[in-house]
Amino acid sequence: MTKEPKKKIKVAFPHMGTIYIAWAAALRKVGVEPFIPPYTSKKTLSLGTKNAPEAICLPYKLILGNFIEAIEGGADYVAMISSPGICRLGEYGSCIKNALTDMGYNANYVELQLYDGIEGIYRFLKEISGKNNPILFIRAIILAIRKVFLLDDLETKLSYYRARELKAGEADKHYKKALKIVDEAMNTRQIAKAKKLAFAEMEKTEIDPKREVLYVDITGEIYLVCDQFSNQDITKELGRMGVQTRKSLTVSSFLKDAIIPKIFRKGETHLQRANRLAKPYLMRDIGGDALECVSDVKYADERGIDGIIHISPFTCMPEIMSQNIFPKMREECDVPILPLIMDEQTGKAGYITRLEAFADLMRRRKRKLKTEEKNPAEPVK
Ligand code: SF4
């Protein structure tokens with residue numbers, strides 16, 4: 001009698017931008033089936049909001065909604081990325097686990113302790129795969145890290161092309177194809193090839209190289225900065241207005257600070273720069289990404305770019321603090337700052353109006369500075 005092949009367990013992670021491509025690769029590498037829940041939508045938000053405390057931050061509601069959709073879709077495990085956190089983040093894991101149990105879901109819940117570095121990821125892979133194969137796990141971790149860096153580079157390219165494309169939506173069309181190329185790469189050699197192919201795909205976008213482009217940094221709470229559903233696709237909207245964006249908080253910058261061992265890092269990390277530039281406005285880490293956000297304003301000002309946008313979830317404690325520091329920073333920093341607070345009530349029309357007004361303000365300022373010859377033609381990025 002032939003033996004039935006062993007059923008692979010399906011593990012789901014919550015969404016945050018394109019990160020699913022990296023974790024799916026790591027899971028496949030260790031022989032686990034990734035379960036990718038439907039991309040975050042209004043339905044996800046409504047499921048999360050219905051089952052979460054009203055005043056809890058937006059990322060919690062969206063993650064909970066992702067988990068509900070994953071379990072209902074057939075995931076065996078839901079994996080939560082947790083960290084100690086000075087804010088509520090430290091409690092997210094147990095709250096989500098309890099919420100799922102209270103709702104009667106009996107999928108297994110597993111935590112990935114990111115702040116335990118490589119060791120935390122190793123423990124996690126061991127738990128979900130039931131294997132103990134150091135070489136395989138290290139390969140899976142390296143593959144995921146390489147993908148994260150490539151995905152962030154690709155997004156930077158996307159932003160360049162969106163701000164200059166001749167035909168609306170062309171850059172996004174090529175970006176979708178490029179993401180597929182990255183998704184298919186399963187080892188270091190394939191990643192190198194995928195990088196060339198994906199960049200070549202992006203370069204097919206026809207652009208107007210002479211378009212007057214504005215340069216804007218996006219900072220804020222990392223989930224909102226990286227996740228296009230929760231930030232209402234801010235980089236796409238700005239791209240349409242001729243604004244090239246640079247995300248100050250990315251998963252790759254986080255990995256450099258929290259996961260990648262010091263000997264493999266090049267240059268100053270985001271956290272190191274934050275500790276250098278946030279003073280004298282903020283003297284220590286107060287949780288979330290507040291220290292980084294304060295320093296990002298200073299960094300944007302030093303580079304002479306056209307503006308910085310700070311996005312935060314309603315009721316996010318660390319970001320309420322950083323927004324209260326910005327008025328003091330405005331006395332010394334010339335860079336225009338736009339703070340945006342997001343929650344499930346944020347409407348698209350009012351949001352776009354604010355972005356358009358900010359783009360107008362930056363454009364007028366840029367032209368004025370140009371006539372006064374105060375601003376370099378291309379800011380140092
Ligand atoms: S950083 Fe803000 S949004 Fe994130 S968990 Fe903490 S309070 Fe919530």
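Just so you know, residue 1 is the first one in the sequence shown, and it goes up from there. Note that ligands are numbered from 1 as they come in the structure, with each ligand's atoms numbered from 1 the same way. Treat the numbers as computed from the prediction; the structure is a model and nothing was measured.
Heavy atoms of other residues, nucleotides or ligands lying less than 6.0 angstrom from NZ of Lys29 number more than 12.
Residues Arg139 and Thr188 bring no donor and acceptor atom of their side chains to less than 3.5 Å of each other. With no hydrogens or angles considered, no side-chain donor-acceptor pair links Ser295 and Arg276 at under 3.5 Å.
With respect to atom 8 (Fe) of ligand 1, the closest heavy atom belonging to the protein is Cys57 SG, 2.3 Å. Given atom 4 (Fe) of ligand 1, the protein heavy atom at minimum distance is Glu221 OE2, 3.3 Å. Regarding atom 6 (Fe) of ligand 1, its nearest protein heavy-atom neighbour is Cys87 SG, 2.3 Å.
The hydrophobic cluster containing Leu238 does not contain Val297, counting ILVMFWY residues as joined when their side-chain heavy atoms lie under 4.5 angstrom apart, directly or transitively.
Contact annotation: the side chain of Leu338 never approaches that of His310 to less than 4.5 Å [non-hydrogen atoms, C-beta and beyond].
When the options Met317, Glu319, Glu91 are ranked by their closest heavy atom to atom 7 (S) of ligand 1, first place goes to Met317.
Residue Gly288 has at least one heavy-atom neighbour below 4.0 Å for each of these atoms of ligand 1: 1 (S). Every atom of ligand 1 is numbered from 1 in the order shown, and the set under 4.0 Å from a heavy atom of Leu89 is 5 (S). Counting atoms of ligand 1 from 1 in the listed order, those under 4.0 Å from a heavy atom of Cys316 are 1 (S), 2 (Fe), 3 (S), 7 (S). Distances below 4.0 Å separate heavy atoms of Pro313 from the following atoms of ligand 1: 3 (S).
With a heavy-atom cut-off of 4.0 Å, Tyr92 touches ligand 1 through its side chain alone. Of all the heavy atoms of Pro318, the ones lying under 4.0 Å from any atom of ligand 1 belong exclusively to the side chain.
Look at Glu91 and Arg88 and you find no salt bridge, because none of the NZ, NE, NH1 or NH2 atoms lies under 4.0 Å from a carboxylate O.
Remark: Lys328 is not positioned above the aromatic ring of Tyr281, lacking an NZ or CZ atom under 6.0 angstrom from the ring centre and at most 45 degrees off the axis.
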